[in-house]
Amino acid sequence: MTGSLKKATVYVKLKDGVLDPEGKTIQKALSQMGYSEFLSVRTGRFFELEIEANGSDIDSRIDEVCSKFLANPVIENYKVEKQ
Amino acid sequence: MKVGVVTFPGSNCDYDSYALVRHVMRENVEFLWHKSTDLQSCDLIILPGGFSYGDYLRSGAIARFSPIMESVIKFANSGGLLLGICNGFQMLTECGLLPGALIRNDSIRFRSHNVYLKVEETSSAFTNAYASETVIKLPIAHGDGNYYIIGEELRQLEDDGRVLFRYCDREGNLTKESNPNGSVNNIAGIVNMERNVLGMMPHPERAGEKILGSVDGLKVFESVKAALSTLTTAGKA
């Protein structure tokens with residue numbers, strides 16, 4: 001028996017205070033292009049997940065995957081949006 | 001001494017470690033496939049440099065869940081000597097055997113050149129063959145080598161003397177210019193609390209023969225050999 005299909009998006013970004021050289025470089029480029037009001041850029045990534053929900057606690061399963069694998073809690077925060 | 005070098009898909013310094021142990025030191029060495037769980041009774045396990053799984057997700061993040069890693073973690077937790085070089089160091093922080101994390105170089109450039117390192121602690125299984133405060137020359141080749149650690153964890157690391165190697169200039173000064181990646185306190189290599197697990201970004205296995213430009217890395221492996229023979233002698237006594 002297959003469960004219903006759920007979708008979730010996970011956003012991962014570096015914690016505040018952790019250096020983001022890529023974001024810094026993008027900000028510098030923006031400034032050189034004349035967009036000097038963009039004072040800070042922080043980069044991150046997102047993951048679109050399709051999940052077969054078969055009764056088990058889907059929230060805790062997503063949480064587990066995020067903290068164990070998709071994000072490194074030492075340097076990154078994550079946010080889950082379920083659709 | 002019997003050394004096991006783990007090969008992950010994308011490892012590219014596994015042969016360098018193998019060649020150094022086998023052809024320079026003339027000791028026993030085996031490749032260990034990442035899908036195996038058998039460490040073949042090796043005395044030292046090396047997690048080599050390279051780009052395991054294409055560095056996808058984060059460097060070392062996927063390799064850290066390879067089947068062999070369960071055995072490697074068990075081995076380390078029971079006191080076995082474990083050396084993670086470059087990508088191997090990244091795996092060690094990812095799996096929590098070593099604290100902190102390795103993030104993008106502050107220059108965002110991939111840095112591939114020789115660096116000078118100060119050997120800060122010689123009372124370890126990995127550095128006992130060096131004279132204290134020696135300056136050595138080893139190659140680096142990485143994009144994510146910026147060692148990040150803060151607060152209490154950093155204080156503990158420093159207080160315990162667990163930083164074995166720091167980036168420095170030719171004279172041994174710990175300068176900003178000699179730090180190739182932005183690492184906290186110029187940290188290039190650290191050990192765990194029990195001092196049996198070393199992670200380092202520079203490549204000692206690529207500096208074991210004169211023809212390669214430096215022999216300064218050889219002493220890491222000679223140190224391990226000496227430490228193991230002491231253990232064996234102590235065991236027999």
Side-chain angles (χ1 to χ4, degrees), chain A residues 7-33 35-36 38-52 56 58-82, chain B residues 52-66 69-70 73 87 89-111 142-154 156-157 176 179-187 190 192 199:
Chain A
K7 289 186 179 183
T9 307
V10 174
Y11 297 89
V12 176
K13 72 175 274 285
L14 287 167
K15 286 180 179 171
D16 294 339
V18 178
L19 183 75
D20 178 6
E22 200 178 335
K24 221 170 155 181
T25 305
I26 294 168
Q27 188 274 328
K28 267 192 209 154
L30 280 175
S31 176
Q32 279 164 15
M33 288 157 67
Y35 298 100
S36 53
F38 294 87
L39 299 181
S40 167
V41 177
R42 301 282 290 171
T43 63
R45 63 198 323 196
F46 66 91
F47 305 85
E48 291 176 336
L49 311 174
E50 291 186 352
I51 310 145
E52 190 186 317
S56 64
I58 182 169
D59 289 347
S60 67
R61 296 283 285 180
I62 295 174
D63 226 38
E64 198 178 312
V65 160
C66 289
S67 58
K68 188 168 154 184
F69 191 47
L70 295 183
N72 178 348
V74 176
I75 46 169
E76 294 170 326
N77 289 324
Y78 64 87
K79 190 176 79 182
V80 180
E81 264 173 25
K82 276 197 296 171
Chain B
S52 59
Y53 295 91
D55 272 353
Y56 291 171
L57 191 59
R58 295 174 305 279
S59 304
I62 300 181
R64 171 254 178 282
F65 288 103
S66 286
M69 284 306 286
E70 215 170 297
I73 291 168
N87 193 214
F89 185 12
Q90 292 159 344
M91 291 174 207
L92 291 175
T93 56
E94 279 287 336
C95 74
L97 280 175
L98 293 176
L102 292 146
I103 60 174
R104 187 63 42 90
N105 293 350
D106 61 352
S107 63
I108 8 176
R109 291 197 178 92
F110 187 94
R111 304 287 299 258
H142 60 249
D144 298 325
N146 183 350
Y147 184 63
Y148 174 84
I149 188 166
I150 50 168
E152 182 57 20
E153 277 194 310
L154 172 61
Q156 238 180 40
L157 197 65
K176 193 166 185 282
N179 184 341
N181 49 34
S183 290
V184 172
N185 294 0
N186 285 34
I187 292 172
I190 57 163
N192 63 340

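Keep in mind that the numbers below use all heavy atoms, side chains included, and drop hydrogens, waters and symmetry copies. This structure is a prediction, so every number in the text was calculated from the model and none was measured. Below, read A as the first sequence line, B as the second, and so on, with proteins coming before strands; counting in each chain starts at 1.
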Exercise. Atom CD1 in A:Ile75, atom CD1 in B:Ile150: separation rounded to 0.5 Å?
Worked result: 11.5 Å
For this session: Mind checking side chain to side chain donor-acceptor pair (under 3.5 Å) for A:Ser40 and listing every partner two or more places apart, or none if nothing turns up?
Result: none
N/O donor-acceptor pairs between chain A and chain B, cut-off 3.5 Å:
unit_1  : atom_1 : unit_2  : atom_2 : d
A:Arg45 : NH1    : B:Leu57 : O      : 2.6
A:Phe69 : O      : B:Arg58 : NH1    : 3.1
A:Phe69 : O      : B:Arg58 : NH2    : 2.8
A:Leu70 : O      : B:Arg58 : NH1    : 3.0
A:Asn72 : ND2    : B:Glu94 : OE2    : 3.4

Exercise. A:Phe69 versus chain B, heavy atoms under 4.5 Å apart: side chain, backbone, both or neither?
Worked result: both
For this session: Counting only heavy atoms closer than 4.5 Å, note whether B:Leu57 contacts chain A via side chain, backbone, both or neither.
Result: both
Exercise. Which atoms of A:Val12 come close to chain B, meaning under 4.5 Å heavy atom to heavy atom: side chain ones, backbone ones, both, or neither?
Worked result: neither
Problem set entry | Atom CZ of A:Phe46 with >12 non-hydrogen neighbours under 6.0 angstrom | no
Problem set entry | Under 4.5 Å from a heavy atom of chain A, the part of B:Ile62 involved | both
